[in-house]
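Naming convention: chains lettered A, B, ... in sequence-line order (proteins, then strands); numbering from 1 in each chain.
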Amino acid sequence: MTSGVRVRFAPSPTGPLHIGGLRTALFNYLFARRRGGTFILRIEDTDVARSTPEYERDILTGLDWTGMRWDEGPDPDNGVDRGPYAPYRQMQRLDRYHEAAAALLAADLAYPCYCTPEELDAERKRQEAAHQPPRYSGRCARLAPEERAAFEREGRRPATRFRVADRTISFDDLVRGRVEIDAANLGGDFVILRADGTPLYHFTVVVDDADMDISHVIRGEEHLSNTPKHILLFEALGHDVPQFAHLPLILNPDRTKMSKRRSQTALSAYIDEGFIREAMVNYLVLLGWSTGTEQEILSLAELEQRFELDHVQKGGAVFDRERLEWMNGQWLRRLPPEELIDRLRPFLERELAAGRIERLPSDGEMRALLPMVHERLPTLAAIGDLVGFLFVDEVPLDRGVLVPKRWDAATTLDGLRAARDTIAGTGPVSFEADELEPALRALAEERGWKAGDLFMAIRVAVTGRTATPPLFDTLVALGRERALARLDRAIGLLEEHAARG
RNA sequence: GCCGCAUUCGUCUAGAGGCCCAGGACACCGCCCUCUCAAGGCGGAGAUCACCGGUUCGAAUCCGGUAUGCGGUACCA
């Protein structure tokens, strides 16, 4: 059943789940599913100062929300690790990094470095001033045992540095093709363990990928330049080098790497706005990838069958919110009614909590409402604006908007009174859209009004707004008594104004 | 600075030597539908395929250079 394909998504819980991270996760997930492989979630929490359990939670729930399921890693419900390579949090794997570092030290592939941050900083400044690329000098690379002992006596705690061999490193990136980098440009021997013993990213990522038998490393382009370091480490650890695939970056509108500063990057913010998983997944997968055909509406299930790395774009892709909104509409319209109602419920509850509506519609009411809102919903959060007027006692009325553009106040008053009588003349039983419409059209005709103007006056009187679902359905949804009461109130408002002159 | 990667309509993309004086989608503009708003349908505008050279009968597609952009260059991830 499972192939040898093992991929992983390895976020750092130093911030909420980011759109770019989500897409990386998605590509990994789809690649694993398509190839019958295993998708692993690993938490890279070695940046203790910035990592928090809350962010980890956000990442797990966000990922789970999309419908992706990971085969190994922390369980989305309780955070407990599942899988044969546990633990999947790096802070619980510290022993492994120390073990691996000790092995490198023993083989003289790494060495203790006693340079202080201040010394290194000064060195870098000197190089910068001399217009040389920053690079570790290798001062501690050939220390004699007695020199090390002397530093130790001074009380200096060494960091551990990995020896960078003098050669060219090349690899065949699955999206970019052959990449070659001269190790001389890597900045010299690099630190794998801090002086306090905690491991650094470049080291942990390789130890873990090796330990977990990761076959394909699919990640963002920002790691392309660091890949040679990783290759060197894989080799030093005596492990096969995985295949690499570097994804194009998701960009801000100014074409810099997408950032919190310039864009909305947190998945949770999009969820709050009422974007749905189908749209999010579909939109994101098309940022930097295409089917190679003109099809662009794709479900997760279909993507699992069709995704391949070969249509991945090389250039970065600007995040286009308008297109996401369109995509959201596409998927919202595809949702079965019952499903839509379920997803709308939390948003209605939120409207209630915020005091924008005074009661929650029942499921029956929602079912009746759905045909008139389904086509009109850009996001789930828009539901309040669309039907909120039905669930409040009184609608805000403004005389300015009450009077249709081509009408004056007197005509509006006249029109609303006539409409009120016509509507009142409809019995409670026959209060149906196809009863109301002909009657009101006849009224308009008889009085020489444009039906649209009359309808607009009624619309605003009963809903308080100019953009609403179709008028007659709206009246029916409101019910005869409430419709009449709202007309009366609007009429009263106009009369009062007229009386005042 | 150095190293690396990239570059097709405003945006996401199709395109792997002739099917392309470049196709689709979003956004935009018109028209249709229409009681408003949407949705939908139809149509339009929008790309000298970054630039310059080369290879070839023929290049968006292959090669070289240039430019621009982005990324990396930490005892961050």
Side-chain angles (χ1 to χ4, degrees), chain A residues 10-12 14-15 44-47 49-51 113 115-117 120-121 124 127-128 130-136 157-161 173 176 179-182 184-187 190-196 198-202 204-205 220-228 246 248-249 251 253-257 283 286-297 311 313-327 329 333 372-378 382 386 404 437 440-441 444 450-456 458-460 463 465-472 474:
Chain A
S12 288
T14 53
E44 309 217 326
D45 53 359
T46 54
D47 186 345
R50 294 194 297 146
S51 296
C113 172
C115 298
T116 63
L120 294 172
D121 213 46
R124 240 189 313 272
Q127 289 164 336
E128 204 173 314
H131 295 291
Q132 287 169 339
R135 156 173 251 283
Y136 177 62
R157 307 288 308 132
T160 304
R161 268 187 203 274
D173 190 276
R176 276 146 225 282
V179 178
E180 293 192 0
I181 298 180
D182 189 336
N185 295 316
L186 260 28
F190 57 90
V191 175
I192 55 177
L193 248 41
R194 294 183 181 94
D196 68 4
T198 55
L200 256 30
Y201 167 76
H202 292 307
T204 58
V205 76
E221 187 190 337
E222 68 266 31
H223 289 111
L224 188 62
S225 307
N226 293 142
T227 301
H246 286 94
L249 259 23
L251 273 20
D254 65 1
R255 305 203 73 90
T256 53
K257 181 165 109 171
Y283 175 71
L286 259 19
L287 264 192
W289 179 79
S290 75
T291 56
T293 70
E294 282 175 1
Q295 186 185 352
E296 47 190 0
I297 300 298
H311 276 284
Q313 199 81 12
K314 296 187 183 74
V318 174
F319 186 86
D320 180 1
R321 190 196 158 93
E322 306 233 48
R323 198 169 143 84
L324 204 213
E325 284 176 7
W326 168 79
M327 187 67 88
R333 269 164 245 131
M372 58 194 238
V373 302
H374 212 150
E375 305 273 275
R376 273 166 254 268
L377 228 39
L386 256 185
E437 180 164 1
L440 287 164
R441 281 192 188 281
K450 294 198 78 166
D453 293 330
L454 208 220
F455 294 172
M456 182 53 83
I458 302 171
R459 178 192 323 282
V460 175
T463 69
R465 38 178 71 228
T466 56
T468 72
L471 180 61
F472 307 103
T474 298

With a non-hydrogen cut-off below 4.0 angstrom, is [X] in contact with a base, only sugar-phosphate, or nothing?
X	answer
A:T466	base
A:T46	sugar-phosphate
A:E180	sugar-phosphate
A:G220	nothing
A:D47	sugar-phosphate
A:R176	sugar-phosphate
A:G315	sugar-phosphate

Separation between the [atom1] atoms of [N] and [M], rounded to whole Å:
N	M	atom1	answer
B:rC76	B:rG71	C1'	15 Å
B:rA39	B:rG46	C1'	25 Å
B:rU7	B:rG15	P	13 Å
B:rG43	B:rG4	P	49 Å
B:rG17	B:rC26	P	30 Å
B:rC19	B:rC62	P	16 Å

Within the pair [X] and [N], is there a side-chain N or O less than 4.0 Å away from OP1 or OP2?
X	N	value
A:S290	B:rC12	no
A:R321	B:rC26	no
A:R441	B:rC35	yes

Proximity to the side chain of [X] - top-ranked nucleotide from [options]:
X	options	answer
A:H223	B:rA77, B:rA38, B:rC26	B:rA77
A:F455	B:rA77, B:rC35, B:rU11	B:rC35
A:L200	B:rC75, B:rA39, B:rA14	B:rC75

5′-ward residue of the pair A:E296/A:E44 relative to RNA chain B
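Between the two, 5'-proximity favours A:E296.
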
Between A:N185 and A:D45, which has a closest nucleotide on RNA chain B that is more 5'?
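On the 5' side of the pair lies A:N185.
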
For the residue pair A:R194 / A:T198, report whether a side-chain donor-acceptor contact shorter than 3.5 Å exists.
yes

When the distance from CD of A:E222 to C1' of B:rA74 is rounded to whole Å, what number comes out?
16 Å

Taking atom P of B:rC3 as reference, at what distance in whole Å does atom CZ of A:R135 sit?
13 Å

Mark yes or no for a side-chain to base donor-acceptor pair under 3.5 Å between A:R459 and B:rC35, with no hydrogen or angle criteria applied.
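Between B:rC35 and A:R459, which were checked side chain against base, a qualifying N/O pair under 3.5 Å is present.
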
